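Presented below is the structure to which this report refers.
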There are 2 protein chains.
Amino acid sequence: MESVNHISDVNFRSECPVCRTLDLVGDKWTLLIMRDALFLGGKTFADFAGGNEKIPTNLLSDRLKKLVSAGLLRKHQYHDKPPRYEYLPTPLADELKPLLEAMRAFGENHLEGRIPDELLSQL
Amino acid sequence: MESVNHISDVNFRSECPVCRTLDLVGDKWTLLIMRDALFLGGKTFADFAGGNEKIPTNLLSDRLKKLVSAGLLRKHQYHDKPPRYEYLPTPLADELKPLLEAMRAFGENHLEGRIPDELLSQL
DNA sequence: CCGGATCCGGTCTGATACTG
DNA sequence: CAGTATCAGACCGGATCCGG
């Protein structure tokens, strides 16, 4: 709390780097899209929509826009006749790899297989 | 029993470890609570509620229950009359540290300053 | 068919108020 | 202090629709 103004209430979340990251990728779908793009070779809208997790297309559309404007994906038209697009990871996207790797490690080492029943009922 | 309905209703998308982790901690608040508990010394309900991010108390209550039943926190009564509780990180919680560290690193290195307004409006 | 956009019911969030 | 109750409104997710 150094010499700052008195109005610092607005956008308080952005002061903490963990918060900023969560604001960007801390929702149910965004990191799954990045996982597909970075590790599973997903590129097209259909690739992402057709994954195991069945993200609704409207949400997918929103998340792709967000990721493009955040600079994590770039939209590239690779075919003209009928227009076809692919969403390619940017160099910045690579910086998410440690995060995804940490998530994978936690899930694999500590949430292996079945989830305890008491948790299932809680979720 | 519950004041708020459940967060990610039903199914753990259990096939992918990244998904399982996201189902557990991939929401707006859970990792912030764990950050407070692991790194900022937060212990009591009031500690978490009084942080910079102003989590609503009903959500805090839900998230604490979830974290306790997931084995990441344990609820300990440290005073009897009046009853006072603290939420202490378990050994399992330590396994989240690399994840939080990865989030902090990404936010610090690549989301410096503020998130663009156009993005904030979508969050 | 592909890449979305739109519509709509239901669910969750979050501010406030309230209780022990 | 440690939560619970309430409630409007935002958001999600399923279905459907549409242009190319």
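The structure displayed is predicted, hence computed values, not measured ones.
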Can you see if the side chain of [X] gets near the phosphate of [N] - specifically, an N or O under 4.0 Å from OP1 or OP2?
X: B/Lys75; N: D/dA2; value: no
X: A/Lys28; N: C/dT11; value: no
X: B/Arg63; N: C/dT13; value: yes
X: B/Tyr87; N: D/dG3; value: yes
X: B/Ser61; N: D/dG3; value: no
X: B/Trp29; N: C/dG14; value: yes

Atom pairs and distances, side-chain donor-acceptor, residues 39-46 of chain A, under 3.5 Å, sequence neighbours left out:
| unit_1 | atom_1 | unit_2 | atom_2 | d |
| --- | --- | --- | --- | --- |
| A/Thr44 | OG1 | A/Ala46 | N | 3.4 |
| A/Thr44 | OG1 | A/Asp47 | N | 3.0 |
| A/Thr44 | OG1 | A/Asp47 | OD1 | 3.4 |
| A/Thr44 | OG1 | A/Asp47 | OD2 | 3.3 |

Check nucleotides 15-20 of chain C for protein N or O atoms closer than 3.5 Å to its own N or O atoms and list the pairs.
| unit_1 | atom_1 | unit_2 | atom_2 | d |
| --- | --- | --- | --- | --- |
| C/dA15 | N6 | B/Asn58 | ND2 | 2.9 |

Item to check | Set of residues satisfying salt bridge (charged side-chain N to carboxylate O under 4.0 Å, His left out) with respect to B/Arg104, sequence neighbours excluded | outcome: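 Applying salt bridge (charged side-chain N to carboxylate O under 4.0 Å, His left out) to B/Arg104 gives B/Glu101, B/Glu108.
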
Item to check | Under the salt bridge (charged side-chain N to carboxylate O under 4.0 Å, His left out) test, residues paired with A/Asp36 that sit two or more places apart | outcome: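 Salt bridge (charged side-chain N to carboxylate O under 4.0 Å, His left out) list for A/Asp36, sorted by chain: empty.
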
Checklist entry - Could you give all pairs that pass the salt bridge (charged side-chain N to carboxylate O under 4.0 Å, His left out) test and reach residues 71-83 of chain B, with sequence neighbours left out? => result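 Listed once each, the pairs would be none.
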
Checklist entry - When all nucleic acid strands are considered with a 4.0 Å heavy-atom cut-off, which category describes A/Pro83: base, sugar-phosphate, or nothing? => result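 The answer is sugar-phosphate, as A/Pro83 gets under 4.0 Å only of primed atoms, P, OP1 or OP2.
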
Whole Å only: how far is the [atom1] atom of [X] from the [atom2] atom of [N]?
X: B/Asp23; N: C/dC12; atom1: CG; atom2: P; result: 14 Å
X: B/Leu60; N: D/dG3; atom1: CG; atom2: P; result: 8 Å
X: B/Glu86; N: D/dC1; atom1: CD; atom2: P; result: 15 Å
X: A/Leu59; N: D/dG14; atom1: CG; atom2: P; result: 9 Å
X: A/Asp62; N: C/dC7; atom1: CG; atom2: C1'; result: 14 Å
X: B/Phe48; N: D/dA2; atom1: CZ; atom2: P; result: 10 Å
X: A/Leu64; N: C/dA5; atom1: CG; atom2: C1'; result: 14 Å
X: A/Leu73; N: C/dG3; atom1: CG; atom2: C1'; result: 16 Å

Checklist entry - With the 4.5 Å side-chain cut-off for hydrophobic clustering, are B/Leu31 and B/Leu111 part of the same group? => result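 Yes, same cluster.
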
Item to check | Heavy-atom side-chain contact between B/Leu24 and B/Thr30 under 4.5 Å | outcome: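 With C-beta onward as the side chain, the pair stays apart.
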
Item to check | Pair B/Arg63 + B/Asp27, salt bridge at N-O below 4.0 Å | outcome: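 A salt bridge is present here (some side-chain N lies under 4.0 Å from a carboxylate O).
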
Using atom types as modelled, flag every donor-acceptor pair under 3.5 Å from a side chain in residues 91-100 of chain A to any protein atom, sequence neighbours excluded.
| unit_1 | atom_1 | unit_2 | atom_2 | d |
| --- | --- | --- | --- | --- |
| A/Glu95 | OE1 | B/His110 | NE2 | 3.2 |

Next on the checklist: Looking at every heavy atom in both A/Pro89 and A/Leu38, which two are closest together, and how far apart are they?
Outcome noted: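 So the minimum-distance heavy-atom pair works out to CB-CD2, 3.8 Å.
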
Item to check | Passing option when B/Trp29 is tested against B/Asp62, B/Leu59, B/Leu60 for side-chain contact (heavy atoms from CB on, under 4.5 Å) | outcome: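 When side-chain contact (heavy atoms from CB on, under 4.5 Å) is applied between B/Trp29 and each of B/Asp62, B/Leu59, B/Leu60, only B/Leu59 qualifies.
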
Item to check | Residues touching DNA chain D, which here means a heavy atom under 4.0 Å, drawn from residues 35-47 of chain B | outcome: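 Heavy-atom contacts with DNA chain D come from B/Thr44, B/Phe45, B/Ala46.
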
